[in-house]
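Notes follow the structure.
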Amino acid sequence: MANTIEIKVPDIGGHDNVPVIEVLVKAGDTVTKEQSLITLESDKATMEVPSSAAGTVKELKVKLGDEVSEGTVILLLETAAEAGVAPPSPPRGEGRGEGTAPPSASASARPSPQSSPQRREEAKAPQAAAVTGKTADITCQLVVLGSGPGGYSAAFRAADLGLDTVLVERYDTLGGVCLNVGCIPSKALLHAAAVIDEAEAMAAHGVTFGKPKLDLAKLRDFKVSVVGQLTKGLAGMAKQRKVRAVVGTGSFVSPHEMEVQTPEGVKLIRFEQAIIAAGSQSVKLPAFPWDDERVMDSTGALEMKDVPGKLLVVGGGIIGLEMATVYAALGSEVTVVEFMDQIIPGADADLVKPLAKRLGGKVKGIHLKTKVTEAKAGKKGIEVKYEGESIPETSVFDRVLVAVGRSPNGNKIGAEKAGVAVTERGFINVDTQLRTNVPHIFAIGDIVGQPMLAHKAVHEAHVAAEVAAGHKAHFDARVIPSVAFTNPEVAWVGVTEREAKEKGLKVGVGKFPWAASGRAIGIARTEGFTKLIFDEETHRIVGGAVVGVNAGDLISELALAIEMGSEAADIALTVHPHPTLGESVGMAAEVYEGTITDLYIPKKK
């Protein structure tokens, strides 16, 4: 006898209103347990939601473009009658979210520690391979796979604690994606873009500069020099700490062995413990001709081979908008297409409005609720077709940048031969000490889940290294800030206003507009604001956001305030220097407290 059950969206790490970017089944399809049903896209990664049972799809309850949260019914599934139905399986690829206590709790709006990596998607532990029996080329106490910010931090911390450490990196220089082809080179180019923008803006204040003359080769050299300075420094610190660096692609061959494909041939490393810091890679949507160099991911965009006349940026998240900022400043006609109803979907709507307004004046257009359905390589450029509510005028582009998130590299490192369980999407589940299901192997960074941010990886790295060295350590960050280094910068941390509203949390907001900031007025950048979010019952800060010049620097004070459990009065009574943008933090707290004198806010009757 058939039984109809609801398949719902499970816990997706505290995220709400996550868009459905792909529906993988239709009514009448037969599905197996754990088969993927829909694909979701958050600001930093994509994830698939599997079925919690086998059966036949009776009715779909979601469609392409819908936004879903935990508990949303995906479909009705007709199954064979059973004594009970298992709870929904977690989504593939999900990391850790903030989460909150129920609204009725006294600390209802307080963000819970992001310190409990949870096994949301069950990954079956594979049978580990036997020891090779080969003579090892290198032996060590600890091997770290990947030398990004997480990897090198883990290796250096472990070495400082006395462990004989080997660091394996596929690039010729240490630093991984972040230093070599990610965070650092992009910020060097964003600096150049900001200088161009500021020079142009000064004309309105009586200082006129000539039109910038672009020497692309020199600009690339500047970017390379910035990267080189940092990677050279890492190489020096590795040598000082006696960390042995091995250049090549590493892959486990047994629980205590790793083979590295090096330029000199295969080397076998035998280790006592390991830390996996293999990171992630850009998602490559199948609709694009990736064999054509005119289609780029973020790495390709940072190579700066030329400044295209017309550039299409697919994805209005952080990476896409940062590169749109760079290329627009250098002279490209930039078109941005975003599937969601706002740019940077993870942030509050009011936070991104100043950016959308300013960036809208620099690019040809920002098209929301729109996506590319087809892209073909033609003689005149990449020819694209769209669907959605805001179709761009341009359909042929000199280059296309696809920036729609990143996917982890867990399935590319031979983890199964070490017995390490990896989800179908490539994530590795860990506990609060960053241990995998194999006790002597740890994992950190992008590969263990969201948020996929370098600063999170560094803190996880320290914990993993300390535990490997025998210390009692746990990763227990309460909040992790996010920053878009656009112009203006956008930064937020902790509970957002939207999240609080959706979860029924009792919060209050203190918001200080930079139009009332002497410093912001003096630099003609009054479009920004500082916003603090407080638990109404305890008056403790639980979230905050800044949009404006140097927002990425200012957000650190808010993160510290949340970690320390600061109340509004603590922040308001802290003396901030004047005139600075930083004092807007104290003034936002004063707005909440009702003690602000730099604004007139009529008292509520």
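Throughout, numbering of the chain's residues begins at 1 and tracks the sequence. Nothing here was measured: the structure is a model prediction, and the numbers come from that model.
No donor-acceptor pair under 3.5 Å is formed between the side chain of Glu466 and the backbone N or O of His471. No donor-acceptor pair under 3.5 Å is formed between the side chain of Asn550 and the backbone N or O of Asp553. Without hydrogens or angle criteria, Glu303 side chain to Lys305 main chain gives no donor-acceptor distance under 3.5 Å. Although no hydrogens or angles enter the test, the distance criterion places no donor-acceptor pair under 3.5 Å between the side chain of Gln261 and the main chain of Thr249. The closest donor-acceptor contact from the side chain of Thr436 to the backbone of Ile441 lies under 3.5 Å. In this structure, the side chain of Asp570 does not engage the main chain of Ser566 through any donor-acceptor pair within 3.5 Å. For the pair Asn437 (side chain) and Val420 (backbone), a donor-acceptor distance under 3.5 Å is absent. Checked by atom type and distance alone, the side chain of Arg540 never pairs as donor or acceptor with a backbone atom of Ile562 at under 3.5 Å. In this structure a side-chain-to-backbone donor-acceptor pair under 3.5 Å is present from Ser186 to Cys183. Asn411 places a side-chain N or O within 3.5 Å of a backbone atom of Glu424 that can act as its donor or acceptor partner.
Val166 is not listed as a side-chain neighbour of Val144, based on a closest heavy-atom distance of 4.5 Å or more. Annotation: side chain of Pro10 is in contact with side chain of Val49 (closest heavy-atom distance under 4.5 Å). Counting heavy atoms from C-beta outward, Val247 and Thr262 have side chains that stay 4.5 Å or more apart. Using a 4.5 Å heavy-atom threshold, the side chains of Leu355 and Ile343 count as touching. Annotation: side chain of Leu167 is not in contact with side chain of Val246 (no heavy-atom distance under 4.5 Å). Between Ile541 and Ile571, the closest side-chain pair of non-hydrogen atoms falls below 4.5 Å. Between Val430 and Arg435, every side-chain heavy-atom pair lies at or beyond the 4.5 Å cut-off. Side-chain contact check for Val493 versus Ser482: every heavy-atom pair is 4.5 Å or farther apart.
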Please step through salt bridge (Lys or Arg N to Asp or Glu O under 4.0 Å) for the pair Asp164 and Arg244, ending with a clear verdict. CA-CA 9 Å; Asp164 175 27; Arg244 290 173 283 171; 2.9 Å; yes
Determine, step by step, whether Val402 and Lys284 satisfy the side chain to side chain contact (heavy atoms under 4.5 Å, CB included) criterion, reporting the C-alpha distance in whole Å, the side-chain angles of both residues, the deciding distance to 0.1 Å, and the verdict. CA-CA 7 Å; Val402 182; Lys284 294 188 183 302; over 6 Å; no
Just do the side chain to side chain contact (heavy atoms under 4.5 Å, CB included) check on Met258 and Leu145 with the steps written out, would you? CA-CA 9 Å; Met258 178 183 294; Leu145 180 59; 4.1 Å; yes
Decide yes or no on side chain to side chain donor-acceptor pair (under 3.5 Å) for Thr173 and Asn180, but give the supporting numbers first. CA-CA 8 Å; Thr173 54; Asn180 287 281; 2.6 Å; yes
Between Leu302 and Met323, is a side chain to side chain contact (heavy atoms under 4.5 Å, CB included) present by the stated rule, with each step listed? CA-CA 8 Å; Leu302 288 169; Met323 296 315 301; 3.8 Å; yes
How far apart are the C-alpha atoms of Val227 and Gln229, what are their side-chain angles, what is the distance that settles it, and do they pass the side chain to side chain contact (heavy atoms under 4.5 Å, CB included) test? CA-CA 6 Å; Val227 172; Gln229 183 176 341; over 6 Å; no
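Annotation: Lys417, atom NZ; neighbour count of heavy atoms from other residues, nucleotides and ligands within 6.0 Å does not exceed 12. Atom NE2 of His539 is surrounded by more than 12 heavy atoms from other residues, nucleotides or ligands within 6.0 Å. Heavy atoms from other residues, nucleotides or ligands lying under 6.0 Å from NZ of Lys187 number more than 12. Glu264 CD: more than 12 foreign heavy atoms inside a 6.0 Å radius.
Residues Leu532 and Ala589 share a closest heavy-atom pair of CD1-N, 3.6 Å. The two atoms that bring Ala491 and Ala551 nearest to each other are CB-O, 3.7 Å, heavy atoms only. In terms of heavy atoms, Ala415 sits closest to Gly410 at CB-O, 4.1 Å. When all heavy atoms are compared, the tightest approach of Trp492 to Gly346 is NE1-O, 3.8 Å. For Ala301 against Leu401, the heavy-atom pair with the smallest separation is CB-CD1, 4.0 Å. Closest approach of Leu219 and Ala192 over heavy atoms only: CD1-CB, 3.8 Å.
A salt bridge between Lys456 and Asp446 is absent, with no side-chain N of the basic residue lying under 4.0 Å from a carboxylate O of the acidic one. Under the 4.0 Å criterion applied to side-chain N and carboxylate O atoms, Glu583 and Arg519 are not assigned as salt-bridge partners.
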Distance-only donor-acceptor pairs under 3.5 Å for side chains of residues 266-278, two or more places apart:
unit_1: Arg270; atom_1: NH2; unit_2: Lys134; atom_2: O; d: 2.8
unit_1: Arg270; atom_1: NH2; unit_2: Glu257; atom_2: OE2; d: 2.5
unit_1: Gln273; atom_1: NE2; unit_2: Ala468; atom_2: O; d: 2.8

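The structure places CG of Asp348 at 4.5 Å from OG1 of Thr496, a figure rounded to the nearest 0.5 Å. Atom CE in Met452 sits 13.0 Å away from atom CD1 in Ile318 (nearest 0.5 Å). To the nearest 0.5 Å, the span separating CD1 on Ile184 from CG on Leu230 amounts to 5.5 Å. Annotation: the span from Cys140 atom SG to Ile138 atom CD1 amounts to 7.5 Å, rounded to 0.5 Å. Atoms OG and CG, from Ser147 and Leu179 in turn, are 8.5 Å apart once rounded to the nearest 0.5 Å. Here the NE2 atom belonging to His576 is positioned 6.0 Å from the OG1 atom belonging to Thr574, to the nearest 0.5 angstrom.
Screening residues 429-469 for ring pair (Phe, Tyr, Trp, His ring centres under 6.0 Å), with sequence neighbours left out, gives His256-His440.
Taking Phe156 as the reference, Tyr152 meet the ring-ring contact (aromatic ring centres under 6.0 Å, His included) condition, with sequence neighbours excluded.
Looking only at atom types and distance, the side chain of Ser584 has a donor-acceptor partner in the side chain of Thr530 under 3.5 Å away. Gln433 and Lys472 form no side-chain donor-acceptor contact under 3.5 Å, judged by distance and modelled atom types alone. Side-chain contact check for Arg406 and Ser282: at least one donor-acceptor pair (N or O, by modelled atom type) lies under 3.5 Å. Judged purely by distance below 3.5 Å, without hydrogens or angles, the side chains of Asn409 and Ser280 never pair a donor atom with an acceptor atom.
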